[in-house]
Amino acid sequence: MRFAPNPSGPLHLGHARAAVLNDYFSKKYNGKLILRLEDTDPKRVLPEAYDMIKEDLEWLGIKIDNVVIQSDRMDTYYEYGRKLIEMGHAYVCQCNPEKFRELRANGIACQCRDLGVERNLELWEKMLNGELENTVVRLKTDIKHKNPSIRDFPIFRIEKTPHPRTEDKYCVYPLMNFSVPVDDHLLGMTHVLRGKDHIVNTEKQKYIFDYFGWKMPEYIHYGILKIEGPVLSTSKMHAGILEGKYRGWDDPRLGTLRALKRRGIKPEAIYKLMTEIGIKQADVKFSWENLYAANKDIIDKDARRFFFVENPKKVVIEGAKHRVLNLRAHPDREDLGTRELIFDRNIYVSDDLKIGKMYRLMELFNITIDKIENGTIYAKYHSDDFKIARQNKAKIIHWIPVIDAVKTKVIDTNAKEHIGFAEKDFRIANIDEIVQFERFGFVRVDEKKDDEVICYFAHK
RNA sequence: GCUCCAGUGGUGUAGUCCGGCCAAUCAUGCGGGCCUUUCGAGCCCGCGACUCGGGUUCAAAUCCCGGCUGGAGCACCA
């Protein structure tokens with residue numbers, strides 16, 4: 001089987017489905033998986049993408065047996081293209097596109113169709129030498145086919161834009177409806193899983209298999225995956241990055257795999273979801289809910305817990321002594337160690353506290369709110385016993401000691417920044433670690449600066 | 001417009017090929033409960049679907065016809 005992206009950017013969720021499905025089934029049946037980079041349109045090639053795609057696949061846990069780059073195989077395409085002309089199944093067409101389109105719409109062949117093999121080979125050589133403009137090679141199909149796009153569709157075109165890899169070595173490039181069947185056959189594909197947007201292409205490509213007398217692989221088409229939210233169009237992403245609208249290919253607003261990685265989404269979660277969605281032809285809506293649930297399953301057991309207060313408000317507590325708390329880093333796992341919270345009169349909270357009400361500072365004690373002055377809340381120590389808080393239906397709130405509070409910025413999926421403080425021991429969290437800010441959600445530690453830690457929000 | 005395809009709970013999925021064991025699977029979500037000093041996790045209970053109409057048949061989610069809805073393609077892109 002194969003995964004055949006166009007190297008115009010890194011992989012996104014849409015590619016992930018194709019890659020995962022092909023990987024899943026090739027493993028299931030002990031087959032091989034080829035990565036075929038389809039770079040036969042010089043205009044749409046982004047040189048960095050070749051490596052980005054390999055990195056993304058590796059991250060996804062997809063094992064590639066072999067990498068094939070189409071721009072390395074130009075001579076092969078020329079060879080088979082020439083054969084088709086020699087067999088009289090293809091011809092060089094110099095009609096202008098509008099004229100051809102009009103003829104095609106009426107099911108009428110153009111004059112080029114019957115020029116004869118000799119003349120066609122002559123023109124073909126001229127094409128390859130760069131002597132011609134506005135010329136294509138067409139496959140003879142059925143000029144009255146009920147789908148006009150199938151009537152003598154083009155298989156080679158002239159493109160003089162330099163290719164990032166081969167520069168100006170070639171000026172004639174195969175169209176995918178030619179390179180795909182040639183490669184699928186030569187590379188020994190038995191099964192191909194692709195989106196249903198290729199159904200018509202499969203019909204076109206069948207002509208090539210038939211003309212060469214090749215056995216056609218099993219082409220299976222799955223439905224469209226509708227993904228709400230992130231930007232997926234490679235060209236839009238690229239333009240946005242160049243404009244400075246996005247921070248890069250891993251901006252949290254984008255649907256690239258590297259953006260998901262940065263947010264703390266595990267490749268296993270993506271893999272699982274994609275295999276679950278499967279290959280049916282009905283269109284499906286991508287469920288973020290299910291992705292997050294799968295991801296939570298993976299990360300929850302390892303994620304250390306920390307207190308984090310967003311939009312911090314300062315609270316001064318009267319009548320309580322300095323004390324030190326040791327809390328577990330994870331409620332169910334002793335092996336993840338403890339963290340220390342030092343209470344010393346001044347704390348931050350996130351909630352709006354109401355005067356006269358009782359609150360329970362989590363793991364600490366109960367307080368009652370006295371007054372609010374100049375944005376600072378004054379509270380009194382009430383009692384230690386948790387039962388009293390229960391009896392009084394006191395809300396249990398998170399708190400952060402003002403001393404040593406870690407200034408923290410969480411960037412959410414809309415690239416919006418949430419500023420707050422995390423407890424002092426959050427400093428021990430490593431870059432790339434996924435932690436849970438209790439009640440806030442799971443975040444991935446992205447960057448640690450001297451005065452601030454930056455995290456990306458994964459999900460609740 | 002033309003050609004082709006698909007429709008199972010809020011979402012994803014099993015079952016559709018080869019009709020009965022399907023008053024429909026699993027997950028997620030939602031509601032409730034237990035536990036818990038996270039509104040997390042776990043455990044328990046519950047909610048919720050075969051697009052509609054006709055036909056064939058002893059029997060239809062499954063087969064046939066039609067409607068409706070959704071989608072794909074109709075490039076010198078992939």
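A note on names: the letters A, B, ... follow the listed sequences, proteins ahead of strands, and every chain is numbered from 1. Keep in mind that the numbers below use all heavy atoms, side chains included, and drop hydrogens, waters and symmetry copies.
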>> Angle between ring planes, A:Phe421 versus A:Tyr348, binned at 30° and 60°: parallel, tilted or perpendicular?
In response: parallel

State the pairing partner of [N]; accept Watson-Crick or G-U wobble contacts with both distances under 3.5 Å, and report none otherwise.
{"N": "B:A24", "answer": "none"}
{"N": "B:A61", "answer": "none"}
{"N": "B:G31", "answer": "B:C45"}
{"N": "B:G7", "answer": "B:C68"}
{"N": "B:U13", "answer": "none"}
{"N": "B:A75", "answer": "none"}

With heavy atoms under 4.0 Å as the rule, sort [X] into base, sugar-phosphate or nothing.
{"X": "A:His221", "answer": "nothing"}
{"X": "A:Asp300", "answer": "sugar-phosphate"}
{"X": "A:Asp41", "answer": "sugar-phosphate"}
{"X": "A:Pro97", "answer": "base"}
{"X": "A:Ser8", "answer": "nothing"}
{"X": "A:Lys296", "answer": "sugar-phosphate"}
{"X": "A:Ile150", "answer": "nothing"}
{"X": "A:Gln436", "answer": "base"}
{"X": "A:Asn201", "answer": "base"}
{"X": "A:Val136", "answer": "base"}
{"X": "A:Pro5", "answer": "nothing"}
{"X": "A:Pro7", "answer": "nothing"}

Compare every heavy atom of [Y] with every heavy atom of [X], then report the nearest pair and how far apart it is.
{"X": "A:Asp297", "Y": "A:Ala294", "result": "CB-O, 3.2 Å"}
{"X": "A:Asp184", "Y": "A:Phe209", "result": "CB-CZ, 4.3 Å"}
{"X": "A:Asn120", "Y": "A:Leu115", "result": "ND2-CB, 4.3 Å"}
{"X": "A:Val410", "Y": "A:Tyr456", "result": "CG1-C, 4.5 Å"}

Pairwise [atom1] distance for [N] and [M], with rounding to whole Å:
{"N": "B:A24", "M": "B:A61", "atom1": "C1'", "result": "8 Å"}
{"N": "B:U13", "M": "B:U51", "atom1": "P", "result": "14 Å"}
{"N": "B:C35", "M": "B:A49", "atom1": "C1'", "result": "33 Å"}
{"N": "B:G1", "M": "B:C63", "atom1": "P", "result": "28 Å"}
{"N": "B:G15", "M": "B:G71", "atom1": "P", "result": "25 Å"}
{"N": "B:G12", "M": "B:U25", "atom1": "C1'", "result": "13 Å"}
{"N": "B:C43", "M": "B:U62", "atom1": "P", "result": "36 Å"}
{"N": "B:U3", "M": "B:C50", "atom1": "C1'", "result": "29 Å"}

> Can you find an N or O donor on one side and an acceptor on the other, under 3.5 Å apart, linking the side chain of A:Glu289 with the base of B:G12?
Replying inline: no

> Is A:Phe442 close to A:Tyr292 at the side-chain level, that is, under 4.5 Å between some pair of heavy atoms?
Replying inline: no

[X] has an atom [atom1]; how far is it from atom [atom2] of [N], in whole Å?
{"X": "A:Asn147", "N": "B:C5", "atom1": "CG", "atom2": "P", "result": "12 Å"}
{"X": "A:Leu123", "N": "B:C76", "atom1": "CG", "atom2": "C1'", "result": "16 Å"}
{"X": "A:Tyr292", "N": "B:G12", "atom1": "OH", "atom2": "P", "result": "16 Å"}
{"X": "A:His145", "N": "B:C2", "atom1": "NE2", "atom2": "P", "result": "16 Å"}
{"X": "A:Asp197", "N": "B:A75", "atom1": "CG", "atom2": "C1'", "result": "14 Å"}
{"X": "A:Gln281", "N": "B:C5", "atom1": "CD", "atom2": "C1'", "result": "5 Å"}
{"X": "A:Phe440", "N": "B:C39", "atom1": "CZ", "atom2": "P", "result": "17 Å"}
{"X": "A:Tyr222", "N": "B:C5", "atom1": "OH", "atom2": "P", "result": "20 Å"}

Minimum-distance nucleotide (side-chain atoms of [X] versus [options]):
{"X": "A:Lys146", "options": "B:C39, B:G71, B:U3", "value": "B:U3"}
{"X": "A:Pro148", "options": "B:U13, B:C74, B:A78", "value": "B:C74"}
{"X": "A:Asp297", "options": "B:G71, B:U38, B:G42", "value": "B:G42"}
{"X": "A:Ala282", "options": "B:G40, B:C76, B:A6", "value": "B:A6"}
{"X": "A:Arg101", "options": "B:G73, B:U37, B:C76", "value": "B:C76"}
{"X": "A:Lys226", "options": "B:U37, B:G71, B:C76", "value": "B:G71"}
{"X": "A:Lys196", "options": "B:G70, B:C76, B:G73", "value": "B:G70"}
{"X": "A:Leu175", "options": "B:U38, B:C76, B:G12", "value": "B:C76"}
{"X": "A:Arg44", "options": "B:U37, B:A75, B:C77", "value": "B:C77"}

> Which of these passes ring-ring contact (aromatic ring centres under 6.0 Å, His included) with A:Phe440: A:Phe457, A:Phe306, A:Phe307?
Replying inline: A:Phe457

> Does A:Lys83 make a cation-pi contact with A:Tyr80 (under 6.0 Å, within 45 degrees of the axis)?
Replying inline: yes

Any side-chain N or O of [X] less than 4.0 Å from the OP1 or OP2 oxygen of [N]?
{"X": "A:Lys280", "N": "B:U16", "result": "no"}
{"X": "A:Thr40", "N": "B:A78", "result": "yes"}
{"X": "A:Arg157", "N": "B:C77", "result": "yes"}

>> If you assign each of A:Arg17 and A:Pro154 to its closest nucleotide in RNA chain B, which residue comes earlier from the 5' end?
In response: A:Arg17

> For A:Ala293 and A:Ser287, take the nucleotide of RNA chain B holding the closest heavy atom to each; which residue's nucleotide lies nearer the 5' end?
Replying inline: A:Ser287

>> Please report whether the ring centroid of A:Tyr77 lies less than 6.0 Å from that of A:Phe156.
In response: no

>> Between A:Lys301 and A:Asp332, does any NZ, NE, NH1 or NH2 come within less than 4.0 Å of an OD or OE carboxylate oxygen?
In response: no

